[in-house]
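Structure first, commentary second.
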Amino acid sequence: MNFHVMTLFPDMIMDGMNTSIIGRAVKNGHLTLEALNIRDYSKSKHNQVDDYPYGGGAGMVMQPEPIYDCYEALCERIGKRPRVIYLTPQGSVFHQGMAEDFAKEEDLVFLCGHYEGIDERVLEEIVTDYVSIGDYVLTGGELPAMVMIDAISRLVPGVLNNEVSAEFESFHDNLLEYPQYTRPVVYHEKRVPDVLLSGHHAKIEEWRREQSLKRTLERRPDLLENANLTKKDQKILAILKEK
Ligand code: ADE
């Protein structure tokens, strides 16, 4: 997977992503990440990239040409025209299913806006996906781009140490993850559930599934609408709802 981020703050992206698991995946060659500085494509004397909005109003608007030229230069260099994700509170709200869809791409471009936004005409030309990371307003698209890159990267084969872990974590089957425990067996007078110490794998699986269902019902009942539920799951849920 190759991530290309168009931004006015390239250091924010490179500094923010070069540690931890993503940094290691880049070093190991499972991912590439580059930040393209939109300002490098300004043709004005003072490298200007924004201007006052037509019609008046507060703030500045990012001009179309440097963004268009930045994208076209990238396409020419890599010989393809990848999807362009524009980070905006006006987009569809990001979720795991979208991460899975984006993870199928070989290249992805993220367009980060600042100020009051970007001239609509270049958005119409190059943007394929409008994505929000939640119903709140941030100062720019860089943090949302990093959030998305993190969520997508961990689905790319080889990025996580443990190949199966991405599949079985929270949101597998659209259910929340069951609670986890490690040593010591007794902590502040609370004991690890006996079943987890039993070594009985089928019983442990059954307990974990029930905990996932219980937790989803309590904390995120909205997820159950699209959950992958067996007949047995439905029975367990019916009992949990009665309690
Ligand atoms: N830019 C500003 N706020 C944002 C949000 N919530 N999601 C995506 N991009 C944004």
Side-chain angles (χ1 to χ4, degrees), residues 1-22 31 33-42 48-68 70-71 74 81-105 107-156 170-171 174 219-220 222-223 226:
M1 168 70 76
N2 307 302
F3 296 111
H4 314 271
V5 184
M6 302 199 287
T7 172
L8 292 175
F9 300 95
D11 291 346
M12 193 173 166
I13 300 293
M14 299 317 283
D15 294 348
M17 302 258 69
N18 77 10
T19 47
S20 179
I21 291 172
I22 307 302
L31 305 174
L33 170 65
E34 62 172 352
L36 306 166
N37 192 344
I38 294 167
R39 202 173 292 282
D40 291 345
Y41 296 86
S42 168
Q48 191 185 343
V49 288
D50 59 344
D51 211 329
Y52 295 98
Y54 278 121
M60 303 289 269
V61 175
M62 286 171 70
Q63 295 173 293
E65 298 99 324
I67 293 169
Y68 181 78
C70 182
Y71 180 62
L74 168 68
R81 303 186 68 80
R83 278 164 90 170
V84 177
I85 301 162
Y86 175 45
L87 290 314
T88 166
Q90 298 179 13
S92 312
V93 179
F94 189 51
H95 59 75
Q96 190 67 21
M98 284 164 79
E100 284 163 18
D101 177 50
F102 287 129
K104 294 177 192 144
E105 302 289 330
D107 288 82
L108 281 174
V109 178
F110 294 85
L111 171 58
C112 304
H114 259 268
Y115 316 116
E116 293 309 306
I118 296 181
D119 187 302
E120 191 67 22
R121 293 166 294 181
V122 71
L123 299 179
E124 289 167 5
E125 273 176 339
I126 70 168
V127 173
T128 54
D129 301 86
Y130 292 78
V131 182
S132 164
I133 61 158
D135 291 334
Y136 40 82
V137 182
L138 301 166
T139 55
E142 285 75 12
L143 286 171
M146 288 193 266
V147 166
M148 288 187 65
I149 290 169
D150 191 290
I152 296 165
S153 293
R154 56 192 297 294
L155 302 175
V156 172
S170 282
F171 297 114
N174 225 36
R219 299 185 184 181
R220 290 292 308 277
D222 57 298
L223 291 178
N226 298 309

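As the structure lists them, so they are numbered: ligands from 1, and atoms in each ligand from 1. As the structure is a prediction and not an experimental result, all values here were calculated from the model.
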ask   = Picking from V5, I85, L123, what satisfies side chain to side chain contact (heavy atoms under 4.5 Å, CB included) with L111?
value =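 The passing option is L123.
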inquiry  = Using the side-chain hydrogen bond (donor to acceptor under 3.5 Å, both in side chains) criterion, which residues pair with D135? Sequence neighbours excluded.
reply    =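 Counting only residues at least two positions away or on another chain, D135 forms no side-chain hydrogen bond (donor to acceptor under 3.5 Å, both in side chains).
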Check each atom of ligand 1 against the heavy atoms of [X] and keep those under 4.0 Å away; list them by number with element.
X	answer
G140	1 (N)
G134	6 (N)
L87	8 (C), 9 (N)

Using a plain distance cutoff, I'd like to know if [X] has any nitrogen or oxygen under 3.5 Å from a nitrogen or oxygen of ligand 1.
X	answer
Y136	yes
L138	yes
I133	yes

Donor-acceptor contact below 3.5 Å, side chain [X] vs main chain [Y]:
X	Y	value
S132	Q90	no
S42	Q48	yes
N174	L223	yes

task = If the plane angle is over 60° it's perpendicular, under 30° parallel, otherwise tilted; pick one for H114 and F9.
result =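 Rings of H114 and F9: tilted, 30 to 60°.
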Record the part of [X] in heavy-atom contact with ligand 1 below 4.0 Å; permitted values are side chain, backbone, both and neither.
X	answer
T88	backbone
V131	backbone
S132	both

message = To check your reading of the model: name the closest protein heavy atom to atom 4 (C) of ligand 1, its residue, and the distance in Å.
response =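 Closest protein heavy atom to atom 4 (C) of ligand 1: P89 CD, 3.7 Å.
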query = For D51, what residues pass the salt bridge (charged side-chain N to carboxylate O under 4.0 Å, His left out) criterion, not counting sequence neighbours?
reply =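 None.
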key: Close side-chain approach of L74 and E34, heavy atoms under 4.5 Å   =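 They are in contact (side-chain heavy atoms under 4.5 Å apart), so the answer is yes.
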key: Heavy atom of C112, distance to ligand 1 below 4.0 Å   =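 Under 4.0 Å: no for C112.
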